[in-house]
Number of protein chains: 2
Amino acid sequence: MHCELTAHMFKAMAHPVRVFLLDKLSVRPWCVCELAAEAGVDKSVASKHLSMLREAGLVESTRRGTQIEYSLSAPCVLELASCAEGTVLTNRKKSLGINPDSEAQGNAR
Amino acid sequence: MHCELTAHMFKAMAHPVRVFLLDKLSVRPWCVCELAAEAGVDKSVASKHLSMLREAGLVESTRRGTQIEYSLSAPCVLELASCAEGTVLTNRKKSLGINPDSEAQGNAR
DNA sequence: TGCCATGTTTCCATTTTCGGCAACTATTCA
DNA sequence: TGAATAGTTGCCGAAAATGGAAACATGGCA
C-alpha cells in the first residue's frame, strides 16, 4: 500500500467541482471552456482543477486547435466513486438516520 | 451523482495517515492507542483522523472497556482504492516516466 | 501581421487543514 | 473514592487549498 500516492489520488478527487468534472468526463471528452461553463466556475479555476486531476494521473489532455480536450484516463476510478458512494449512503442512512438526498449541492451538481 | 457527498468521502481518505488507518482496519479492528502507535502519531491526532473517517461513514466505533475499537464499515472502498492505485501507477509510469516505488513514505508507511 | 478565442500561470486574500499540547471525560480497578 | 488507562476536544501557529483577477502563452484566421 502506497499511502502517500493513494492519499494524493484521493486528494485529487476531494473537491465537489473535481468530482463533477470526472463525472462529466466519464461520458465523453470535453474542452476546458465547456467544463468551466457546466461547472459554473471561471476558466482559470476549471483549468487548475483539471491540472490537479491530470497530475494525479486521472485524466489526460490533447490539443485540438485552439482548445484542449480533456478525457478520463482511469475509468475504474469512477466506478470506485459510485460504489463507495453507495456504501457510504447506506451506512449514513442506517447509522445516523440522515436522508442522503437532502444535502445541499451548490454549483457542482 | 452526489458531488458534495462523494467529494466529502474522498476528502476523508485524502491523507496519508488516514489511508494508513483504513489499510490497518481492513485487516482487523484496532483501538486508538494501537493505531496511534502504528502510525507514529499522537493519540489525539489519531483520534481526530478516526473521527473524520467515522463522520464520513467509512469506519465504526465500539467501546470495549476503557478503549474504543474502530472497524471498517465500507470494505469495498479499500478494494477499489487498490484498483484505482494500480491504474494510476500504470498511467504515471507510462505517461510521465515516474518510478512509483521511489516515493517518500514518511510515518504513514 | 494583428486580432480573437482558448488555456495556463501568477499574485493575493481568505479559508481550511494539520499536528502537538493541555484540559477534560469516561471506564476500570484497588 | 482515588489513581490509572484510554479517548476526545479546544486552542494555537504553520502549512496547504481555494477562487478571482490579471498577465501571459498558443493556435487559428482574416
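When reading the values below, keep in mind they use all heavy atoms of this one structure, side chains included, and skip hydrogens, waters and symmetry mates. Chain naming here is simple, since letters A, B, ... match the order of the sequence lines and numbering starts at 1 in each.
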Considering all heavy atoms of both residues, which atom of A:Pro16 and which atom of B:Glu4 are nearest to each other, and what is their separation? CG-OE1, 3.6 Å
Where do B:Gly57 and B:Ser73 come nearest, in terms of heavy atoms and distance? O-OG, 3.0 Å
Between which nucleotides of DNA chain C, 5' to 3', does chain A make heavy-atom contacts below 4.0 Å? C:dT6 to C:dT10
Using 0.5 Å steps for rounding, measure from the NE2 atom of B:His2 to the NE2 atom of B:His8. 14.5 Å
Measure the spacing between CG of A:Leu53 and CG of A:Leu72 and express it to the nearest 0.5 Å. 9.0 Å
Linking I/L/V/M/F/W/Y whenever any side-chain heavy atoms sit under 4.5 Å apart, do A:Met52 and A:Leu5 land together? no
B:Met13 and B:Val45: same hydrophobic cluster, using ILVMFWY side-chain contacts below 4.5 Å? yes
For B:Lys48, the salt bridge (Lys or Arg N to Asp or Glu O under 4.0 Å) test, sequence neighbours excluded, returns none
Where each residue is assigned the nucleotide of DNA chain D containing its nearest heavy atom, which of A:Arg18 and B:Val32 is assigned the position nearer the 5′ end? B:Val32
A side-chain contact here means heavy atoms from C-beta on lying under 4.5 Å apart; do A:Val32 and A:Gln67 qualify? no
Throw together a table of side-chain donor-acceptor distances under 3.5 angstrom for residues 22-31 of chain A, partners on residues two or more places apart or in other chains.
unit_1: A:Lys24; atom_1: NZ; unit_2: A:Glu38; atom_2: OE1; d: 3.1
unit_1: A:Ser26; atom_1: OG; unit_2: A:Asp23; atom_2: O; d: 2.5
unit_1: A:Trp30; atom_1: NE1; unit_2: A:Lys24; atom_2: O; d: 3.0
unit_1: A:Trp30; atom_1: NE1; unit_2: A:Arg28; atom_2: O; d: 3.1

Got a sec, which residues hit side-chain hydrogen bond (donor to acceptor under 3.5 Å, both in side chains) with B:Ser61, two or more places apart in sequence or on another chain? B:Arg54
Which residues pass the side-chain hydrogen bond (donor to acceptor under 3.5 Å, both in side chains) test with A:Ser47, not counting sequence neighbours? none
When you measure from every atom of DNA chain D, which of residues 62-69 of chain A have a heavy atom less than 4.0 Å away? A:Arg63, A:Gly65, A:Thr66
Taking DNA chain C as the partner, which of residues 45-52 of chain B come within under 4.0 angstrom of it by heavy atom? B:Val45, B:Lys48, B:His49, B:Met52
Reading DNA chain D in the 5' to 3' direction, which nucleotide is the first one with an atom under 4.0 Å from a heavy atom of chain A, and which is the last? D:dA17 to D:dG28
Residue closer to the 5' end of DNA chain C, A:Lys43 versus A:Lys11 (nearest nucleotide): A:Lys43
Under the salt bridge (charged side-chain N to carboxylate O under 4.0 Å, His left out) definition, can you give me all pairs with a residue in residues 64-74 of chain B, not counting sequence neighbours? B:Arg64-B:Glu69
Once ring-ring contact (aromatic ring centres under 6.0 Å, His included) is applied, what residue pairs with a partner in residues 49-81 of chain A remain, sequence neighbours excluded? A:His15-A:His49
